[in-house]
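Chain letters run A, B, ... following the sequence lines, proteins first, then strands; residues in each count from 1.
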There are 2 protein chains.
Amino acid sequence: MPASPSHAPAATIEMPEEPTHALRFGKARTAQASAVLEDYVELIADLIAVHGEARATEVAKRLGVSHPTAVKSVARLKREGLATSRPYRGIFLTDAGRQLADRVRARHRLVVDMLVAVGVPAEAAESDAEGMEHHASEATLKAFARFLADRGTKT
Amino acid sequence: MPASPSHAPAATIEMPEEPTHALRFGKARTAQASAVLEDYVELIADLIAVHGEARATEVAKRLGVSHPTAVKSVARLKREGLATSRPYRGIFLTDAGRQLADRVRARHRLVVDMLVAVGVPAEAAESDAEGMEHHASEATLKAFARFLADRGTKT
DNA sequence: ACATAAATGTAGCATTAGCTACACTCACGA
DNA sequence: TCGTGAGTGTAGCTAATGCTACATTTATGT
């Protein structure tokens with residue numbers, strides 16, 4: 001059976017538990033925690049780039065949430081030093097926020113390209129990447145990049 | 001700009017907003033919601049298969065959470081008709097729970113195999129798959145399966 | 001048989017993300 | 001100038017996931 005081959009014990013050492021799993025699950029949970037922040041930062045960066053500014057209502061609309069929800073999340077971004085804003089003005093990113101946005105954006109493209117490269121329809125690739133990207137470790141991203149480079153990024 | 005390539009189109013239609021995004025983000029959020037349930041169900045199935053029963057404490061340990069947290073989640077599983085349990089006894093899966101476990105397990109393997117096939121180190125593949133698997137749509141899974149079949153499922 | 005340790009359960013609190021309802025501002029037109 | 005409506009902000013509620021602390025029950029060893 002799958003999860004813990006170490007329980008099959010016949011010979012060898014015998015470690016009673018498998019904290020390895022705990023670490024993995026914990027990591028996945030942590031990733032999910034920052035996922036929301038990342039989505040907001042990326043979107044805000046896009047809005048600023050395209051419209052010159054990012055307004056709470058617009059962010060809410062794009063993310064498919066109510067505006068108070070967006071406002072609350074932006075408050076969290078500010079708390080974490082990723083964004084700034086003043087009452088009735090737009091939302092702006094700090095240097096840290098911009099850097100995060102760039103990283104997130106690059107990662108998103110990489111994941112989408114990867115999915116497309118292995119035959120996932122563009123629509124599904126975009127959609128699924130939105131959720132998966134937040135869980136791709138450095139090692140995985142590096143592997144993706146190498147894979148894409150090797151096969152010339154062709155479909 | 002990046003996030004919405006659909007803004008690029010010089011000719012064609014030009015839709016002012018992009019509710020498409022909202023749908024995508026919403027989907028990712030929903031997926032994340034069931035992710036926890038799936039993790040629990042999969043783990044419980046494993047424990048039953050290996051130990052003959054699944055105890056709350058063991059589940060908590062494996063998932064890296066406190067036991068009350070595990071208990072609370074199991075309560076949710078019961079509410080959703082995926083598991084059953086009686087005070088001071090083990091946790092069991094309903095038919096629905098077992099079916100879900102099977103699907104989750106298959107999906108997990110598929111994602112891991114895929115990552116490995118593309119050159120991700122086994123360790124990272126296992127770890128990242130834990131988070132990514134919950135966001136892989138049917139279309140994506142199908143594409144993964146096809147890709148693996150084509151290249152002979154070799155490591 | 002009974003005391004005690006380990007496992008399980010319960011209570012209460014915090015945080016995050018969502019929502020609706022309501023209050024306030026600002027910009028624009030009459 | 002003064003409304004009014006769209007955009008923002010705030011309050012207060014829900015649900016999920018976590019936690020610690022405490023209560024209970026089971027099981028175990030003497």
Here the distance between atom P of C:dA17 and atom NE2 of A:H134, to the nearest Å, is 12 Å
- Any side-chain heavy atom of B:R76 within less than 4.5 Å of one from B:K72? no
For this session: For B:R151 and B:A117, indicate whether the former's side chain and the latter's backbone hold a donor-acceptor pair under 3.5 Å.
Result: yes
Shared hydrophobic cluster, B:V104 / A:F25 (ILVMFWY, side-chain heavy atoms < 4.5 Å): yes
| said: Measuring to OP1 and OP2 of D:dA16, would you say a side-chain N or O of B:R79 lies under 4.0 angstrom away? | reply: yes
A:K72 atom NZ is separated from D:dG12 atom C1', nearest whole Å, by 8 Å
Rounded to whole Å, CG of B:D39 lies from C1' of D:dA16 at a distance of 14 Å
Between NZ of B:K61 and P of D:dC19 the distance, given in whole Å, is 15 Å
Exercise. Counting distance only, does the side-chain N/O of B:T94 pair as donor-acceptor with the main-chain N or O of B:G81 below 3.5 Å?
Worked result: yes
Here the distance between atom C1' of D:dA15 and atom CG of B:L37, to the nearest Å, is 13 Å
message: Taking B:E80 first and then B:K78, would you say they form a salt bridge - that is, a charged N and a carboxylate O separated by under 4.0 Å?
response: no
Which of B:E38, B:M132, B:E133 passes side-chain contact (heavy atoms from CB on, under 4.5 Å) with B:H108? Answer is B:E133
Counting primed atoms, P, OP1 and OP2 as sugar-phosphate and everything else as base, the B/S/- map of nucleotides 3-9 of chain C against protein heavy atoms under 4.0 Å is ----SBB
Report yes or no: does B:D128 contribute a side-chain atom to a donor-acceptor pair with the main-chain N or O of A:A136 at less than 3.5 Å? no
A:R29 atom CZ is separated from C:dT16 atom P, nearest whole Å, by 16 Å
The helix from C:dA1-D:dT30 to C:dA30-D:dT1: angle between terminal helix axes, five bp per end, to the nearest 10 degrees, reads 10°
When rounded to whole Å, the CD to C1' distance for the pair B:E80 and D:dT17 reads 14 Å
**Q.** side-chain contact (heavy atoms from CB on, under 4.5 Å) evaluation trace for B:R29 with A:V65
**A.** CA-CA 11 Å; B:R29 239 172 287 126; A:V65 301; 3.7 Å; yes
For the backbone of A:R98 and the side chain of A:R103, can you confirm whether one donor and one acceptor N or O come within less than 3.5 Å of each other? no
*Would you please confirm or rule out a distance under 4.0 Å between OP1 or OP2 of D:dT17 and any side-chain N or O of B:T69?*
no
- Query: Does a nitrogen or oxygen in the side chain of A:S66 sit under 4.0 Å from OP1 or OP2 of C:dG18?
  - Reply: no
